[in-house]
Amino acid sequence: IAFRKFSKCNEIILPKLYAVVYKMEKKERNMIFEKIENLAKKKEITIAALEKELGFGNATIRGWRESYPTVDKLKKVADYFGVSIEYFLE
């Protein structure tokens, strides 16, 4: 991950979050997807449209049910919805 894009504070926080995201169980990854899906419904945007809006490949977010999201992509989603990355990990 290129941390130069983020603030000095995030240089400390993001590596820790990166480690947390990669240690997640499948159930926890599903929780992230479900939270994104709920936020998308509230904002009346489909997951496919969200992926396109954020410049992600097709089925990237939907794939998080089975694989791990990268912190930079999770941050993009969080920023889009105006929530913190921590929101997805609670």
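Shown here for Ile36 and Ile61, the closest heavy-atom pair between the two residues is CG2-CG2, 4.0 Å. Closest non-hydrogen pair, Val77 versus Phe88, comes out as CG1-CZ, 3.9 Å. Taking every heavy atom of both residues into account, Ile85 and Ala78 meet most closely at N-CB, 4.0 Å.
Listed by chain and number, the residues in a side-chain hydrogen bond (donor to acceptor under 3.5 Å, both in side chains) with Ser84 are Glu86 (sequence neighbours excluded).
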>> For Leu50 and Phe81: C-alpha separation, side-chain torsions, deciding distance, then whether side-chain contact (heavy atoms from CB on, under 4.5 Å) applies.
In response: CA-CA 10 Å; Leu50 176 62; Phe81 289 115; 3.7 Å; yes
>> For Lys75 and Asp79: C-alpha separation, side-chain torsions, deciding distance, then whether salt bridge (Lys or Arg N to Asp or Glu O under 4.0 Å) applies.
In response: CA-CA 6 Å; Lys75 176 142 178 47; Asp79 290 346; 3.2 Å; yes
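Judged as a salt bridge (charged side-chain N to carboxylate O under 4.0 Å, His left out), not a single pair has a partner in residues 36-45 (not counting sequence neighbours).
For Lys73 (side chain) and Phe56 (main-chain N/O), no donor-acceptor pair under 3.5 Å exists by modelled atom type. Of the possible donor and acceptor atoms, one in the side chain of Glu51 sits under 3.5 Å from a partner among the backbone N and O of Ala59.
Atom OG1 of Thr70 and atom CH2 of Trp64 lie 6.5 Å apart (nearest 0.5 Å). A distance of 15.5 Å separates NZ of Lys52 from CD1 of Ile47, quoted to the nearest 0.5 Å.
Put simply, the side chain of Leu39 does not reach to within 4.5 Å of the side chain of Tyr80, judged on heavy atoms.
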